[in-house]
Every structure is written in C-alpha cells, then in structure tokens.
Amino acid sequence: TKNVAVLTSGGDAPGMNACIRAIVLACERAGYKIFGYEHGYNGLLHQEYRLLNNKVVHNLIQRGGTLLHSARCLEFKSEESARLAAANLEKLHIDALLVIGGDGSFRGAAHLGRFWKGQIIGLPGTIDNDISGTDATIGYYTAIETAVDSIDKVRDTADAFERIFLVEVMGRHSGFLGLNAALASASDYVILPELFVSEDKTVKDIVLQLNERREQKRKNISYIIVLTENLWPGGITALAERLTTETRSEVRPVILGHVQRGGSPVSQDRLLAVKLGCYAVSLIAKGSTGVMVGEQNGEAVEVPLEATWTQPKLLEKLSVETLETLMNNRYT
Ligand code: ADP
C-alpha cells in the first residue's frame, strides 16, 4: 500500500472539490491511504493535515471553493522551508504528493522536488487557463459562465439607457477568460494581452466604431467592452475616463472581481476534475513524478512541471478567428 497526500494551493477555482473527491475515491479503490494537507504549502510546513475518506467527500462534487482551503505561502520559496516540508512528508511516510493549483503552485512543487524523493504530480486548477500542457484548467469553464452571466445583466441595464460599459474580467496575464466571455456574451469589443497593440489604437478603434453607429442612427444600442485585468496602464478607471472624454458619452466601469472564482462548478469543470484526478492517481503505481496531468484533444497527458510555465500557451485559434469575424476588433 501507499500513502498519498493532496493539497490545493494558490488562487482557488471551482472544481477543486470535485478533483479532491475523485482523488480520494480513486485512492481508496487502489488501497492507498489519503491525507489532505490544509492551506496549501502552509499545511506542509506546519504538519496540518487530516485523513480523507469517501464519507468526507460525499456531496462535495458540486461545491465551489476547496474543502482543504487554499493559501499563498511566500516563505515556501526558501530552501529551508522546502527541507522542512520534505521532513514532514517523510514523517508521515508519504509516497506521493498531489498538488492542485496554478503555475505558482507548480513552481513550488518543483522546488520541493529538489529536496524530497517522493512522487510529485500536479493538477491544473485555475480559472485563468494560463497553464501550458492542458487544453483547459479546472475552474476555467465555470469562470466563463459566471462572467457571461454578469455581462448579460450589465447588457440589460446598458440597453435600457443606451450606455457604454467597460467590464473587467480576471485572467491574470492571459486573455482566455476575456476572449471567451466576450464571445459568449456578444460583447462589442475586447481588450486582451495577447492581441493588444497600443492604448491609442484601442481607443481609436472604439471611437471609430461608436461614430459609425451614431451615423447609422442606431437607437437603443448599448456598447460593451471587455477588459482583461492587469493590462491597462492606470487600470480600468483610467480607461473609463479616457473613453468618456473621447466618446463624449459616460463610460461606466464594472469590475467583476472575485465572484469569478466562486460558484458551483459547471459540468465541464467537474468532468475535467474527476478525469484528471483519477488519471493522476493511476500514475502513482507507474512511478511518475515531476509532472502535471492534463487533457489534450480528449486524451490524458503527463507533461513535465517546468513545461507548464516555460512553454507559451496560445489562445484557442478558433475563438480568435471567431472574434475577428463577429466583433469590432481590428488588429491590423
Ligand atoms: P497559483 O498556483 O494560483 O499560480 P501563486 O502564484 O500564488 O498561485 O503560487 C502559490 C504558492 O506556490 C505560493 O504562495 C508559494 O507558496 C508557492 N510558490 C510560487 N512560486 C514559487 C517558487 N518559485 N518557489 C517555491 N514556491 C513557490
């Protein structure tokens, strides 16, 4: 038999619980003992854990957040911390550690791997989808759904007053969430890091588009712009002010914020979570280590942890093409 530990780290994402459940059940089937470390890497440093079993994960698949809680743990970057974590894992005779998190968490896992001989397997959990080696990450689809739902509501009020709204979505430094939320909500313009040319070009495009609409005398038309966080110099307020001046209409900023991290996971996230959870457990018997599990074109894959943050991840090609056809963005 083997002892397996799991933790959730970094930004939380809907579907992390579904993933924990699948890991626990798959471990029980394999006859492994399963430990859950709390609060990300902090739990490893403070030997804060609990034993998990099928009763603990009953009625859990649909719940947002994470049963094990997540956290940042800046001190984990030191060699001393990684050695302490390794010693704690050895005390519990852990054979394999499964880390559900984003690229920061995987850097942490690789760091630990330099001081601990056990198996380390990462599972991609982040709403940003900014991890190479997997088509999607656990939490991504739910975040799109949440953003779309909010933008639909903004659209209702925007239409009523023929207003221009600027909506900021998450994504860290990636445009996956912005691109797909904009497409699915029929937004009018989207500002994404991957396709960003310049501030002037963006503002010019929007003003041109609005002037065309005014010339057509289209009535009762609202205009919604989606903006990815961390992109605009000076932030969303600076852009809203500039657009208010240049369009001669009041532009209202809306920051969707942390609601995008919450909620019950949609089916796509639950499915990805359970598939990757089971696959990760199956790799323990195989001896895999220093890898992340992912899904590419419907197939389970293992990729080296380092590739998840060193390889660039490109936006879905078909979504970009659709954007160019349907929306008012002009990138040339
Ligand atoms: P995410 O996993 O969502 O990208 P963070 O970037 O906050 O979230 O990383 C989560 C945690 O992973 C950090 O709080 C830290 O404990 C650990 N971590 C991140 N980068 C490193 C690193 N270079 N070395 C060691 N640990 C790291």
Side-chain angles (χ1 to χ4, degrees), residues 5-17 19-20 36-49 64-66 68-89 97-116 118 120-134 136-143 169-177 193 228-230 257-258 260-262 265 269 272-273 276-277 280 289-294 303-313:
V6 58
L7 60 82
T8 49
S9 163
D12 59 306
M16 281 182 161
N17 275 328
C19 193
I20 295 169
Y37 272 103
E38 310 247 3
H39 304 111
Y41 291 120
N42 294 289
L44 275 186
L45 298 183
H46 302 108
Q47 202 66 315
E48 194 193 344
Y49 67 89
T66 156
L68 295 173
H69 304 284
S70 190
R72 318 267 175 199
C73 175
L74 292 180
E75 56 180 313
F76 195 69
K77 293 187 181 181
S78 73
E79 182 177 325
E80 196 190 343
S81 291
R83 286 190 191 281
L84 175 61
N88 284 339
L89 286 163
L97 174 67
L98 307 184
V99 175
I100 310 171
D103 69 310
S105 301
F106 295 162
R107 283 172 213 256
H111 175 60
L112 173 66
R114 288 190 275 275
F115 306 95
W116 183 56
I120 300 179
I121 301 173
L123 296 105
T126 164
I127 64 163
D128 304 323
N129 197 30
D130 56 349
I131 295 179
S132 289
T134 186
T137 55
I138 298 162
Y140 171 50
Y141 292 112
T142 307
V169 298
M170 284 186 168
R172 191 100 73 134
H173 300 289
S174 290
F176 290 94
L177 192 51
T228 304
E229 66 176 348
N230 301 320
H258 281 74
Q260 295 163 96
R261 291 251 184 97
D269 280 327
L272 184 63
L276 294 184
T289 187
V291 293
M292 178 197 78
V293 293
V303 296
L305 278 177
E306 209 183 286
T308 66
W309 70 82
T310 53
Q311 300 295 313
K313 180 154 181 187

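Sequential numbering from 1 along the given sequence is applied to the chain's residues. Order of appearance sets the numbers: ligands from 1, and atoms from 1 within every ligand.
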Participant: Please report which non-hydrogen protein atom sits nearest to atom 24 (N) of ligand 1, along with the residue it belongs to and the distance in Å to one decimal place.
Facilitator: Lys77 CG, 3.6 Å
Participant: Would you call the rings of Phe176 and Tyr140 parallel, tilted or perpendicular, where under 30° means parallel and over 60° means perpendicular?
Facilitator: perpendicular
Participant: Taking the side chain from Asn230 and the backbone from His173, do they hold a donor-acceptor pair closer than 3.5 Å?
Facilitator: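 Not confirmed, Asn230 side chain does not pair with His173 backbone.
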Participant: Distance from Leu123 atom CG to Phe106 atom CZ, nearest 0.5 Å?
Facilitator: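 Nearest 0.5 Å value for the CG-CZ distance: 6.5 Å.
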Participant: What protein heavy atom lies closest to atom 5 (P) of ligand 1? Include the residue and the distance to one decimal.
Facilitator: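 Checked against all protein heavy atoms, atom 5 (P) of ligand 1 sits closest to Arg72 NH1, 3.4 Å.
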Participant: Backbone or side chain, does any N or O of Gly10 fall under 3.5 Å from an N or O of ligand 1?
Facilitator: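 For ligand 1, there is no N or O atom that lies under 3.5 Å from one belonging to Gly10.
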Participant: For the backbone of Leu45 and the side chain of Tyr37, can you confirm whether one donor and one acceptor N or O come within less than 3.5 Å of each other?
Facilitator: no
Participant: Between CD1 of Ile138 and CG of Leu276, what distance do you get to the nearest 0.5 Å?
Facilitator: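 Going from the CD1 atom of Ile138 to the CG atom of Leu276 covers 5.0 Å.
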Participant: Please list the nearest protein heavy atom to atom 11 (C) of ligand 1 with its residue and the distance rounded to 0.1 Å.
Facilitator: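 In this structure, atom 11 (C) of ligand 1 has Ser9 OG, 3.7 Å as its nearest protein heavy atom.
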Participant: Using a 4.0 Å heavy-atom threshold (strictly under), name the region of Arg172 that reaches ligand 1: side chain, backbone, both or neither.
Facilitator: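 For Arg172, only side-chain atoms sit under 4.0 Å from ligand 1.
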Participant: Where the side chain of His69 meets the backbone of Thr8, is there a donor-acceptor pair that is under 3.5 Å apart?
Facilitator: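 Judged by distance alone, no pair lies under 3.5 Å.
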Participant: Please say whether Gly11 places an N or O atom under 3.5 Å from an N or O atom belonging to ligand 1.
Facilitator: yes
Participant: Sort out for me which residue in Lys313, Gln260, Arg172 forms a side-chain contact (heavy atoms from CB on, under 4.5 Å) with Asp128.
Facilitator: Arg172
Participant: Among the heavy atoms of Thr126, does any lie under 4.0 Å from an atom of ligand 1?
Facilitator: no
Participant: Checking a contact table here: which protein heavy atom is nearest atom 23 (N) of ligand 1, and how many Å away?
Facilitator: Arg107 CB, 3.8 Å
Participant: Give the numbers and elements of all ligand 1 atoms closer than 4.0 Å to a heavy atom of Tyr41.
Facilitator: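 Those qualifying, in numeric order: 12 (O), 16 (O), 17 (C).
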Participant: Could you tell me whether Gln47 atom CD has more than 12 heavy atoms of other residues or ligands within 6.0 Å of it?
Facilitator: yes
Participant: Angle class for the Tyr41/Phe76 ring planes (parallel below 30°, perpendicular above 60°, tilted otherwise)?
Facilitator: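 Tyr41 vs Phe76 ring planes: parallel.
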Participant: Going by the closest heavy atom to atom 26 (N) of ligand 1, which one wins out of Gly108, Cys73, Ser105?
Facilitator: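 Of the listed residues, Gly108 has the closest heavy atom.
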Participant: So, is His111 polar-close to ligand 1, with some N/O to N/O distance under 3.5 Å?
Facilitator: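 No, since none of the N or O atoms of His111 sits under 3.5 Å from an N or O of ligand 1.
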Participant: Would one find an N or O of Leu74, backbone or side chain, under 3.5 Å from an N or O of ligand 1?
Facilitator: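 No, since none of the N or O atoms of Leu74 sits under 3.5 Å from an N or O of ligand 1.
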Participant: Could you say whether the N/O atoms of Gly104 and ligand 1 ever approach to under 3.5 Å?
Facilitator: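 Yes, at least one N or O pair falls under 3.5 Å.
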